[in-house]
Number of protein chains: 2
Amino acid sequence: MPRSRQRRAPLTHPEAADIELLDVLHALSDPSRMTIVRILRAEPERACGTFPVDVAASTLSHHFKVLREAGLIHQREEANRRLTALRADELQVRFPGLLDAILAAAEPTEPAES
Amino acid sequence: MPRSRQRRAPLTHPEAADIELLDVLHALSDPSRMTIVRILRAEPERACGTFPVDVAASTLSHHFKVLREAGLIHQREEANRRLTALRADELQVRFPGLLDAILAAAEPTEPAES
DNA sequence: ACGCATATTCGATGATTGTCGAACATGGAG
DNA sequence: CTCCATGTTCGACAATCATCGAATATGCGT
């Protein structure tokens, strides 16, 4: 048996009540992960490979794990894809206004009215 | 001359407009630094040594540097003390609602009504 | 059954980070 | 002037982290 124990991850997500603020802040302090979350805010669900983040697949996978364990995203299996969604509603209950404020702050720097 | 070049730091702070969101999030993702900022929110100004953060003096100094360079705090010399203040107003202009939302989320976890 | 697309796990590597103690700098008190 | 309190810089160290390539797993076409 070719040591078959991989991708065995049952895709665990923390309970909404167990989401830690510092984990959320840390997760969002990385450019790639912030990009992922910003994209997810606009779209309901999206496959891993479809994010315009220019890193290796394994690195991307790592970022999803960090985001998932921080409680920011939810992932579900669909065929051989993994669909990712933002846990916006739960986050809103846990930390009211937090995600909105952070994502608003992440806008490209307002052009300042002419 | 005993290589006298230390504490030469002219205490530089980033311009409000140059404050980066990811730097702010990263700065706040450390427990000690979050504690410092939370205390600072209630008090206008405070000396470095007076924070109930249980780390070595040099470590504390490092945390202040991170917070200062992220644009979260302002420090000024007063005698041989260094007074620290939160840059709340400037932060509010740069990232409206961000600090409030984060600090609200950092509250001890509401006791849930009896 | 075979190959391909999607995505993860593993192991390694270099960079960043939090931490400390020792040395140093500064300003005020005795 | 000498001590002391305050706080920084320096150098070191261990831990964490972002990153990659290779190997692996899974499901769907052909």
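Every heavy atom of this structure was used, including side-chain atoms; hydrogens, water molecules and symmetry mates were not. Just so we're on the same page: letters track the sequence lines, and every chain starts at 1.
Atom pair B/His26:NE2 and C/dG18:C1' shows a separation of 10 Å (rounding to whole Å applied). As rounded to whole Å, 19 Å separates atom P of C/dT16 from atom CG of B/Leu25. The separation between A/Arg81 atom CZ and D/dC28 atom C1' is 11 Å, rounded to whole Å. Atoms CG (B/Leu22) and P (C/dT16) sit 16 Å apart, rounded to a whole Å. The CD-C1' distance, from A/Glu77 to C/dA7, rounds to 9 Å in whole Å. If you take CG of A/Asp23 and C1' of D/dT16, they are 13 Å apart, rounded to a whole angstrom. Across the protein-nucleic acid pair, B/Lys65 atom NZ and C/dG18 atom C1' stand 14 Å apart, rounded to whole Å. Spacing between atom CD of B/Gln75 and atom P of D/dT6 amounts to 16 Å, rounded to whole angstrom units.
OP1 or OP2 of C/dG18 has at least one side-chain nitrogen or oxygen of B/Arg33 nearer than 4.0 Å. Residue A/Arg82 places at least one side-chain N or O closer than 4.0 Å to OP1 or OP2 of C/dT8.
Smallest separation of non-hydrogen atoms from A/Leu21 and B/Ile102: CD2-O, 3.7 Å.
Each of A/His63, A/Arg68, A/His13 was compared with A/Ile73 under the side chain to side chain contact (heavy atoms under 4.5 Å, CB included) criterion, and only A/Arg68 meets it.
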Atom pairs under 3.5 Å: protein N/O with N/O of nucleotides 19-22 of chain C:
from   : atom 1 : to      : atom 2 : distance (Å)
C/dT19 : OP2    : B/His63 : NE2    : 2.5
C/dC20 : OP2    : B/Ala56 : N      : 2.6
C/dC20 : OP2    : B/Thr59 : OG1    : 2.9
C/dG21 : N7     : B/Ser58 : OG     : 3.3
C/dG21 : O6     : B/Ser58 : OG     : 2.9

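When atom types are taken as modelled, the side chain of A/Gln75 and the backbone of A/Ala85 share no donor-acceptor pair closer than 3.5 angstrom.
At a threshold of 4.0 Å, the pair B/Glu45-B/Arg87 does not count as salt-bridged, since none of the basic side-chain nitrogens sits closer than that to a carboxylate oxygen.
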inquiry  = Working note: A/Thr84 + A/Arg76, criterion side chain to side chain contact (heavy atoms under 4.5 Å, CB included); need CA distance, chi angles, decisive distance, verdict.
reply    = CA-CA 7 Å; A/Thr84 302; A/Arg76 68 185 185 90; over 6 Å; no

Show the atom names and distances, to 0.1 Å, of all donor-acceptor pairs under 3.5 Å that link a side chain in residues 46-57 of chain A to residues at least two apart or in another chain.
from    : atom 1 : to      : atom 2 : distance (Å)
A/Arg46 : NE     : A/Thr50 : O      : 3.3
A/Arg46 : NE     : A/Thr50 : OG1    : 2.9
A/Arg46 : NH1    : A/Glu43 : OE1    : 2.9
A/Arg46 : NH1    : A/Glu43 : OE2    : 3.2
A/Arg46 : NH2    : A/Thr50 : O      : 2.7
A/Thr50 : OG1    : A/Ala47 : O      : 2.7

